[in-house]
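Notes follow the structure.
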Amino acid sequence: MSDINEMNEGLKWYVAHTYSGYENKVKMNLEKIVENRNLKHLITEVRIPTEIIVESDGGAEKEVESKIFPSYVLVKMVMTDESWHVVRNIRGVTGFVGPGSKPVPLSDEEVAAIISEEVPVTEVSKIAIGDMVDIIDGVFSGFTGKLTEVSPDGNEVTVIISTVGRDMPVKLDMKCIRKSQNA
């Protein structure tokens, strides 16, 4: 019996790493192979976690689908030699997430967090340093401040708010702010 068959924990979610931009091709090819080889009992679902972002440039708003985890595809499967080889040999897959060649399944909590992240719609305006922004989530919800810094990955910002007569820098997630309508 191989190491992969010994790892079998039943139907679990695993994460396959792909080349950048290959997520949709991997998903499509894997679903086609599962159907053609009748492997629905081993590989039941393939997902690319995405979210809808509303971008506004000037006055025009448009919804854009954005990958939450670029270069990763979630696969709900029973880990066996056969299913491991099917996923691993899809063009564009570089391997599974886990130490060495041992795929590690996601915990139920991790899966719940990832799937719940797919639901929200995030508003991302063309916000620039110096713009006035409204804080829409968290302790400072309802405050308006000036954007002074954006982290290199674009996920965190620093906003200067005025409270108790003093200016105070506050670090926030990008999703907690939106461009002020009163600016």
Side-chain angles (χ1 to χ4, degrees), residues 1-55 63-124 135-141 151-157 170-178:
M1 188 183 257
S2 78
D3 289 343
I4 298 294
N5 281 335
E6 290 171 8
M7 292 172 20
N8 185 345
E9 297 182 30
L11 195 58
K12 294 280 189 181
W13 284 98
Y14 293 87
V15 181
H17 185 264
T18 68
Y19 293 128
S20 179
Y22 274 70
E23 303 90 349
N24 293 331
K25 290 177 189 172
V26 166
K27 180 181 188 290
M28 195 173 63
N29 288 338
L30 184 53
E31 288 171 341
K32 193 178 294 183
I33 288 172
V34 166
E35 189 173 321
N36 290 344
R37 295 187 188 173
N38 200 20
L39 298 174
K40 291 178 184 149
H41 63 288
L42 292 177
I43 301 172
T44 62
E45 193 174 348
V46 182
R47 287 181 97 155
I48 302 169
T50 60
E51 63 183 344
I52 303 297
I53 296 178
V54 178
E55 290 183 346
E63 289 187 355
V64 179
E65 188 175 64
S66 174
K67 291 177 180 67
I68 296 173
F69 303 110
S71 299
Y72 292 97
V73 174
L74 301 179
V75 183
K76 190 171 188 178
M77 61 190 280
V78 176
M79 186 60 69
T80 65
D81 279 338
E82 184 178 14
S83 63
W84 182 89
H85 281 289
V86 166
V87 175
R88 185 63 187 89
N89 291 317
I90 295 285
R91 186 171 192 212
V93 172
T94 62
F96 282 97
V97 173
S101 61
K102 297 189 178 211
V104 176
L106 294 173
S107 69
D108 293 338
E109 294 81 24
E110 291 169 324
V111 172
I114 291 169
I115 290 174
S116 72
E117 279 187 34
E118 289 185 85
V119 177
V121 174
T122 308
E123 172 134 352
V124 177
I135 301 173
I136 57 172
D137 193 19
V139 177
F140 297 101
S141 181
S151 67
D153 63 5
N155 291 332
E156 194 174 76
V157 296
V170 179
K171 289 209 179 283
L172 302 162
D173 284 343
M174 177 65 91
K175 64 185 176 188
C176 294
I177 66 167
R178 71 171 172 232

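Keep in mind that this is a model prediction, so the values were computed, not measured.
The minimum heavy-atom distance between Ser71 and Ser20, with the atom names listed, is OG-CA, 3.5 Å. Among all heavy-atom pairs drawn from Tyr22 and Gly92, the shortest one is CD2-CA, 3.7 Å. Across every non-hydrogen atom of Asp173 and Val157, the tightest pair is O-CG2, 4.4 Å.
Under the salt bridge (Lys or Arg N to Asp or Glu O under 4.0 Å) criterion, the residue pairs touching residues 30-39 are Lys27-Glu31, with sequence neighbours excluded.
Here the side chain of Thr94 pairs a donor or acceptor atom with the backbone of His17 at under 3.5 angstrom. In this structure, the side chain of Arg88 engages the main chain of Val93 through a donor-acceptor pair within 3.5 Å. A donor-acceptor pair under 3.5 Å is absent between the side-chain atoms of Ser141 and the main chain of Gly138, judged by distance alone.
Taking CG of Asn38 as the reference point, atom CD1 of Ile33 lies at 14.0 Å (rounded to 0.5 Å). The CD atom of Glu110 sits 13.5 Å away from the CH2 atom of Trp13 when rounded to the nearest 0.5 Å. A distance of 8.5 Å separates NZ of Lys12 from OG of Ser107, quoted to the nearest 0.5 Å. Between atom NZ of residue Lys40 and atom CD of residue Glu45 there is a gap of 13.5 Å, rounded to the nearest 0.5 Å. From Asn24, atom CG reaches atom CE of Met28 across 8.5 Å, with rounding to the nearest 0.5 Å. The distance from atom CG of Leu11 to atom NZ of Lys76, rounded to the nearest 0.5 Å, is 5.0 Å.
Under the 6.0 Å cut-off for aromatic ring centres, Phe69 and Tyr72 do not qualify, their centroids lying 6.0 Å or more apart.
Here the side chains of Arg91 and Tyr19 are not in contact, with every heavy-atom distance at 4.5 Å or above. Side-chain contact between Val15 and Val73: absent, with no pair of heavy atoms (C-beta onward) separated by less than 4.5 Å. Two residues are said to be in side-chain contact when any heavy atoms from C-beta on lie closer than 4.5 Å; Val86 and Leu30 meet this criterion. Looking only at side-chain heavy atoms (C-beta outward), Arg178 and Ile136 come within less than 4.5 Å of each other. When side chains are defined from C-beta on, Leu74 does not count as touching Ile48, because their heavy atoms never get closer than 4.5 Å. At a threshold of 4.5 Å between non-hydrogen side-chain atoms, the residues Val78 and Ser83 do not count as touching. The shortest distance between side-chain heavy atoms of Tyr14 and Leu106 does not fall below 4.5 Å. Looking at heavy atoms from C-beta onward, Ile43 lies in side-chain contact with Val87 at the 4.5 angstrom threshold.
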Exercise for the section: Please assess Leu172 against Glu156 for the test side chain to side chain contact (heavy atoms under 4.5 Å, CB included), listing each intermediate value before the final yes or no. Expected result: CA-CA 6 Å; Leu172 302 162; Glu156 194 174 76; over 6 Å; no
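Scanning for side chain to side chain contact (heavy atoms under 4.5 Å, CB included) contacts around His41 gives Leu39, with sequence neighbours left out.
Between Lys25 and Glu23 there is no salt bridge, since no side-chain nitrogen of the basic residue lies less than 4.0 Å from a carboxylate oxygen of the acidic one.
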